[in-house]
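All residue numbers refer to positions in the sequence shown, counting from 1.
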Amino acid sequence: MTTMRSSLFSRRTIRQGAVLAVGSSKIKLLLACCVVLSFIAFSGRTASFLGWEQSDAALYASSFPREGYTILMNTWKRNDLLKQSISHYASCPGLDSFHIVWSEPDPPSDSLVSFLTHVIKQNSKDGREIELKFDINVEDSLNNRFKEIKDLKSDVVFSIDDDIIFPCTTVEFAFRTWQSAPDTMVGFVPRIHWVDKSKGDQDTYIYSGWWSVWWTGTYSMILSKAAFFHKKYLNMYTYEMPSSIREYVTKNRNCEDIAMSFLVANATRAPPIWVKGKIYEIGSTGISSLGGHNSRRSQCVNRFAVEYGGMPLIATSVKAIDSRFSWFW
């Protein structure tokens with residue numbers, strides 16, 4: 001009996017030892033995997049820690065054909081912000097030219113033009129010659145930012161406000177995303193419209209901002225404060241879009257970005273593409289912070305839907321993410 005108990009004890013001990021050994025091996029393997037993954041993640045981010053971000057931009061430049069874009073920058077009496085933005089974007093490898101939408105009463109000063117010319121030449125890479133042009137407008141209208149430009153060097157424009165900064169690698173990723181769908185809008189600031197169910201019909205809509213997009217993961221517009229689109233839409237906005245919409249934008253000093261979203265959606269019958277990217281706002285708060293902003297934007301959405309004879313905007317939940325720089329995607 002004692003011998004049997006001793007034998008059972010020995011077997012149990014051996015089994016427990018084996019289980020512990022296997023468990024220990026699994027734990028060690030798991031820890032090793034964590035260390036390896038941490039090392040890979042850290043090494044993938046070391047470049048940005050050490051200030052080597054331009055190597056990624058150089059990778060973009062060398063991996064794709066030389067097809068550039070034009071930055072179409074809207075500004076208004078904020079020369080300090082204009083200087084910061086131009087100085088930054090001049091270093092982006094895909095950039096061909098700057099077109100600055102100028103609607104101020106006085107033309108740009110010689111000192112401003114001289115400064116921007118110098119900083120572009122100083123910051124541009126690989127000896128590239130980046131064009132700088134001011135598109136002077138007599139009338140002060142938000143429609144000016146979408147006037148047709150006859151002498152564009154590229155087929156695509158990156159429409160952006162003077163108070164927004166994106167890393168060049170992020171801009172280049174959005175540009176390559178646009179190249180995969182060149183008829184649509186590709187950008188960083190999504191918005192959504194909803195059917196206003198409180199009205200009891202399907203023809204009244206509500207404009208909703210970022211928090212609705214974040215909560216639902218759905219959007220139907222990309223705001224032109226940071227978006228790529230084909231230059232043909234400048235011609236269509238100026239000459240083919242209902243003139244009543246341009247008049248409404250001028251009168252109300254709002255919603256030119258919604259008008260462009262309607263125009264592109266009506267032409268493509270497709271949704272825009274939202275690109276994930278970190279936005280650095282270097283200016284003061286804009287009109288979106290004013291009371292009643294969403295209400296006025298909802299009025300625009302409903303007015304434009306009537307002008308088009310229906311709702312052309314299409315909702316989607318697709319998001320473009322550069323997986324090289326994202327932990328989760």
Side-chain angles (χ1 to χ4, degrees), residues 72 74 101 141-148 156-161 164 174 177-178 181-196 203-210 212-214 216-250 252-275 277 279 286-288 293-320:
L72 186 61
N74 194 56
V101 181
S141 169
L142 290 177
N143 292 314
N144 291 342
R145 72 182 305 165
F146 299 136
K147 277 187 175 180
E148 183 184 27
V156 58
V157 298
F158 180 37
S159 173
I160 192 164
D161 288 346
I164 297 177
T177 303
W178 173 85
D183 285 327
T184 193
M185 288 185 72
V186 174
F188 300 97
V189 187
R191 295 293 184 264
I192 183 66
H193 76 286
W194 305 106
V195 173
D196 188 355
D203 299 322
T204 305
Y205 305 95
I206 298 173
Y207 170 93
S208 289
W210 162 246
S212 292
V213 174
W214 177 83
T216 64
T218 305
Y219 63 98
S220 58
M221 291 170 271
I222 291 294
L223 300 190
S224 55
K225 67 189 295 181
F228 281 94
F229 54 83
H230 197 281
K231 67 179 181 181
K232 66 184 178 182
Y233 293 119
L234 298 177
N235 176 280
M236 293 173 66
Y237 188 100
T238 305
Y239 300 110
E240 298 182 23
M241 188 178 72
S243 59
S244 56
I245 294 181
R246 291 193 300 275
E247 292 167 1
Y248 185 91
V249 168
T250 297
N252 292 275
R253 296 192 63 80
N254 205 332
C255 300
E256 82 288 354
D257 46 1
I258 296 178
M260 179 57 85
S261 284
F262 266 73
L263 173 69
V264 177
N266 186 66
T268 62
R269 304 298 179 184
I273 299 176
W274 171 22
V275 176
I279 302 176
I287 62 173
S288 60
H293 175 70
N294 279 6
S295 176
R296 287 189 289 273
R297 305 278 277 183
S298 294
Q299 292 174 16
C300 293
V301 169
N302 285 286
R303 175 65 178 268
F304 299 166
V306 170
E307 296 289 348
Y308 278 98
M311 173 53 72
L313 299 177
I314 298 174
T316 183
S317 57
V318 172
K319 184 196 292 187

> Considering only heavy atoms from C-beta outward, does the side chain of Tyr308 approach that of Ile245 to under 4.5 Å?
Replying inline: yes
> Is there side-chain contact between Val189 and Ile279, with at least one heavy-atom pair below 4.5 Å?
Replying inline: yes
>> Rounded at 0.5 Å granularity, tell me how far CE in Met236 sits from CG in Leu263.
In response: 4.5 Å
> How about Met241 and Phe304: do any of their side-chain heavy atoms sit closer than 4.5 Å?
Replying inline: no
> So, the side chain of Thr238 versus the backbone of Glu148: is there a donor-acceptor pair under 3.5 Å, distance only?
Replying inline: yes
>> Just to verify, which of Arg246, Arg145, Lys225, Lys147 counts as forming a salt bridge (Lys or Arg N to Asp or Glu O under 4.0 Å) with Glu256?
In response: Arg145
> Can you name the one residue among Phe229, Phe188, Trp274 that meets side chain to side chain contact (heavy atoms under 4.5 Å, CB included) with Ile222?
Replying inline: Trp274
> Got a donor-acceptor contact below 3.5 angstrom from the Tyr219 side chain to the Trp214 backbone?
Replying inline: no
>> When you compare the side chain of Asn143 with that of Tyr237, does any pair of heavy atoms fall below 4.5 Å?
In response: yes
> Which atom names give the shortest non-hydrogen contact between Ile258 and Cys300, and what distance separates them?
Replying inline: CD1-CB, 4.4 Å
> For the residue pair Gly209 and Asn294, what are the closest heavy atoms and their distance?
Replying inline: N-ND2, 4.2 Å
> Counting N and O atoms only, with roles assigned by atom type, does the side chain of Ser159 sit under 3.5 Å from a partner on the main chain of Ser224, one being a donor and the other an acceptor?
Replying inline: yes
>> Could you measure the distance from the OH atom of Tyr248 to the CD atom of Gln299? Nearest 0.5 Å is fine.
In response: 5.0 Å
> Would you say Lys232 and Asp183 make side-chain contact, with heavy atoms under 4.5 Å?
Replying inline: yes
> Are the side chains of Ser295 and Tyr207 in touch, meaning some heavy atoms are under 4.5 Å apart?
Replying inline: no
>> Checking the side chain of Ser317 only, and the main-chain atoms of Thr218 only, is there a donor and an acceptor separated by less than 3.5 Å?
In response: no
> Where is the tightest heavy-atom contact between Thr177 and Ala320, given as atom of each residue plus distance?
Replying inline: CG2-CB, 4.0 Å
>> Taking the side chain as everything from C-beta on, heavy atoms only, tell me whether Asn266 gets closer than 4.5 Å to Arg269.
In response: yes
> Do Tyr233 and Met185 pass the side-chain contact (heavy atoms from CB on, under 4.5 Å) test, and can you show the C-alpha distance, the side-chain angles, and the key distance before you say yes or no?
Replying inline: CA-CA 10 Å; Tyr233 293 119; Met185 288 185 72; 5.9 Å; no
> Donor-acceptor pair, Thr268 side chain versus Thr184 backbone, under 3.5 Å?
Replying inline: no
> When the ring planes of Phe158 and Phe228 are compared, do they come out parallel, tilted or perpendicular, using 30° and 60° as the limits?
Replying inline: parallel
>> So Asp257 and Arg297, do their side chains get closer than 4.5 Å, heavy atoms only?
In response: yes
> What are the two closest heavy atoms between Ile192 and Ala315, and how far apart are they?
Replying inline: CD1-CB, 4.2 Å
>> Checking the side chain of Asn74 only, and the main-chain atoms of Asp161 only, is there a donor and an acceptor separated by less than 3.5 Å?
In response: no
>> Can you give me the closest heavy-atom contact between Pro312 and Ala265, atom names plus distance?
In response: O-CB, 3.6 Å
> Between CG of Leu72 and CD1 of Ile160, what distance do you get to the nearest 0.5 Å?
Replying inline: 10.5 Å
>> Apply side-chain contact (heavy atoms from CB on, under 4.5 Å) to residues Val301 and Met311 and explain how you reach the verdict.
In response: CA-CA 9 Å; Val301 169; Met311 173 53 72; 3.7 Å; yes
> For the residue pair Ile273 and Ala181, what are the closest heavy atoms and their distance?
Replying inline: CD1-CB, 3.9 Å
> Roughly how far, to the nearest 0.5 Å, is OG of Ser298 from CG of Asp196?
Replying inline: 8.0 Å
